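Quantities reported herein were computed from a predicted structural model and do not represent experimental measurements.
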Amino acid sequence: MLDQLPSFLPVLESEVRHAVEQAQADRAPGLDGVEIELLKAGGHSLWMAMAARFSCYMAQCQIPKQWKYCCSRRATASCSATTGRLLSAVYKIFTKVLLNRLAKQLDEQQPVEQAGFRSGFSTMDHLQVLNQLLDRTREYKMPLVLAFVDYEKAFDSVEINAVLLALQQQGIGDEYVALLQELNSNCATTITLFDRPLNIKVGRGVKQGDTISPKLFTACLEQIFRQLNWDEVGIKINGRWLNHLRFADDIVLIDCSAVDVQQRLGQLNQAGARFGLKINLAKTKWMRNDQVADTTLHVDQHQLQQVDSYIYLGQELTTDHKIGRELARRRLAAWVSFGSIAETANNRAIDPDIRAALFNSTVLPAMLYGAETWTMTAADRLKLAVTERAIERRMIGVQQTDHVRNEQLRAMTRVDDAVDLANKAKKRWAGHLMRRTDERWTREVTVCRSISSGHADALQHDGATRYDKIWDTIG
């Protein structure tokens, strides 16, 4: 059988070097005790030897038995959850070489609805789409229903045979499919429960911590959606149908009708079950705006929880599209981040520029995550500024009763201004959207010319392209 498979191209030293440079340091080693830092320090001679061995493994379609074993960092008493698997560092470099060879081909099979683990995509893409949908439907008084689907242990539950079939149907060569089958067959993991090591065979799922696992999972998820007949359902924007968004296994179903969302939840549940995926009924929730009549949604006779707000990809979305709750979360996150660096930031013996750089790289990103999609009022900007000034006073030990002016405070801390950074981020994001020429939904929803639900009684907006309003919408 193996003799009939096409041969692999030999692994080059440059491929190994690139994979080693991409690997993250300061990671716990696997059972072999080899750390990424050792591979980085090995240099040309080690990388040449690794390239030769990797070529041999590919040609024989066989890997060392030690690579099939890993250990879990921690397990619960019920063995229902672990914090991740510790894989061999050399194994990770090997799969990283495979990933670098296959990434472009796998990404070409993914639709614009999938933004997870893809170069050029980020959480901002989907956050922008949902924020604009909430704003557009509120402006035109259109109904909107969002269902946030969560799977139970998605990476650990998916059937590996379904993954391999998905790869084959998406054009991955038979030699790579056979090698990935070898990598994921007859594997086992060791967990320690009450100081007693237990060896457990792994019969399904992709390996958490493996560099190639996210791509394998998204390929399988794409195969699930290809079986669903969702070509003309959802919300019609500029002549195209938007019915869902995906970020890895985080799925949002989008429609103007709760009945249609209910139908598609059932279809998705049935299709996913054939691939080993099960919807987490406790974490799957849905929301509707005030244009949708009160109703309920069910999955397997279980009533899903309806919410007025939902934290999606780190940002809290609300049905009324107000950012008050999200701003409160961001300000709290800023204080938490400052707490992690307080010992250094409060140390007057350290150079002020170093303390300012630490503040700018730690506190401000936590405070301003998702600011590109915010529509802030003057009151919102004032809240950000007040929070930053409070942290600055804590940073240099100044009390409000000291009556230090804001300009003096900023001169002493030398940190960047949060409000200015938020405004710059929104303008930069707006320019980024304007320059896009692809078909992703981020731009389509922002500059939409027409939007409708596809139903006979749907409200529509037809007019000039909103290029003149994009700066108001985003900035």
Can you see which heavy atom on Gly314 is nearest to which on Arg329, and at what distance? O-NH1, 3.3 Å

If you look at every heavy atom in Val404 and Gln408, which pair is closest and at what distance? CG1-CB, 3.8 Å

For the CZ atom on Arg394, are there more than 12 heavy atoms of other groups (residues, nucleotides or ligands in this structure) within a distance under 6.0 Å? no

With Arg101 as the cation and Tyr176 as the aromatic partner, state whether NZ or CZ is under 6.0 Å from the six-membered ring centre and within 45° of the axis. no

When the ring planes of Trp67 and Tyr57 are compared, do they come out parallel, tilted or perpendicular, using 30° and 60° as the limits? perpendicular

In terms of the angle between their ring planes, are Phe247 and Phe117 parallel, tilted or perpendicular, with boundaries placed at 30° and 60°? tilted

Any donor-acceptor N/O pair, Asn100 side chain to Lys96 backbone, under 3.5 Å: yes

Hey, is the main chain of Leu144 close enough, under 3.5 Å, to the side chain of Asn289 for a donor-acceptor pair? yes

Between Lys40 (side chain) and Ala23 (backbone), is there a donor-acceptor pair under 3.5 Å? yes

Determine yes or no for a side-chain-to-main-chain donor-acceptor pair under 3.5 angstrom, with Arg440 supplying the side chain and Glu113 the backbone. no

Shortest non-hydrogen contact between Cys220 and Ala166, atoms and distance: CA-CB, 3.9 Å

Salt bridge flag under 4.0 Å for residues Asp125 and Arg118: no

Whether Asp135 side chain and Gln132 backbone form a donor-acceptor pair below 3.5 Å: no

For Leu364 against Leu421, the heavy-atom pair lying closest together: CD1-CD1, 3.4 Å

Using the side chain to side chain donor-acceptor pair (under 3.5 Å) rule, take Gln128 and Glu372 through it: C-alpha gap first, then chi angles, then the decisive distance, then the call. CA-CA 8 Å; Gln128 171 72 15; Glu372 295 88 339; over 6 Å; no

Under a plain distance cut-off of 3.5 Å, with no hydrogens placed, do Ser309 and Arg325 share a side-chain donor-acceptor pair? yes

Take the angle between the ring planes of Trp335 and Phe338 and call it parallel below 30°, perpendicular above 60°, tilted in between. perpendicular

Test item: Arg204 side-chain N/O and Ser157 main-chain N/O as donor-acceptor pair under 3.5 Å: yes

Give the C-alpha distance, both sets of side-chain angles, the deciding distance and a yes or no for side-chain contact (heavy atoms from CB on, under 4.5 Å) between Glu13 and His44. CA-CA 8 Å; Glu13 181 269 343; His44 175 75; 3.5 Å; yes

For Tyr69, I'd like to know if atom OH has over 12 heavy atoms of other residues, nucleotides or ligands within 6.0 Å. no

CD1 (Ile212) and CG (Leu180) are apart, to the nearest 0.5 Å, by 5.0 Å

Distance in Å, Tyr91 OH paired with Ile63 CD1, rounded so as to fall on 0.5 Å steps: 6.0 Å

Looking at every non-hydrogen atom in both residues, tell me the closest pair between Leu164 and Val177 and how far apart they are. CD2-O, 3.8 Å

Is there a donor-acceptor pair closer than 3.5 Å between any side-chain N or O of Ser55 and the backbone N or O of Val11? yes

Give a yes or no on whether a salt bridge exists between Lys68 and Glu182, defined as a side-chain N under 4.0 angstrom from a carboxylate O. yes

Shortest non-hydrogen contact between His126 and Leu313, atoms and distance: CB-CD1, 4.0 Å

Just checking, is any N or O donor in the side chain of Thr344 or Asn347 under 3.5 Å from an acceptor N or O on the other one? no

Look up atom CG in Leu183 and atom CG in Leu98, then write down how far apart they are to the nearest 0.5 Å. 6.5 Å

Determine whether a donor-acceptor pair (N or O, by modelled atom type, separation under 3.5 Å) exists between the side chain of Trp47 and the backbone of Leu39. yes

Validation row: Arg381, Asn423 side chains within 4.5 angstrom (heavy atoms): yes

Are Thr95 and Thr211 linked by a side-chain donor-acceptor pair shorter than 3.5 Å? yes

Under 3.5 Å donor-acceptor, Ser213 side chain and Gln208 backbone: no

Flag the pair Lys215 and Asp107 as a salt bridge only when some basic side-chain nitrogen lies within less than 4.0 angstrom of an acidic carboxylate oxygen. yes

Counting distance only, does the side-chain N/O of Gln315 pair as donor-acceptor with the main-chain N or O of Leu127 below 3.5 Å? no

Checking Arg436 against His432 for the side chain to side chain donor-acceptor pair (under 3.5 Å) test, could you report, in this order, the C-alpha distance in whole Å, the side-chain angles of both residues, the deciding distance, and whether it holds? CA-CA 7 Å; Arg436 278 186 178 161; His432 184 55; 3.2 Å; yes

Could you measure the distance from the CG atom of Asp351 to the CZ atom of Arg414? Nearest 0.5 Å is fine. 6.5 Å

What distance separates Met124 CE from Thr373 OG1, expressed to the nearest 0.5 Å? 6.0 Å

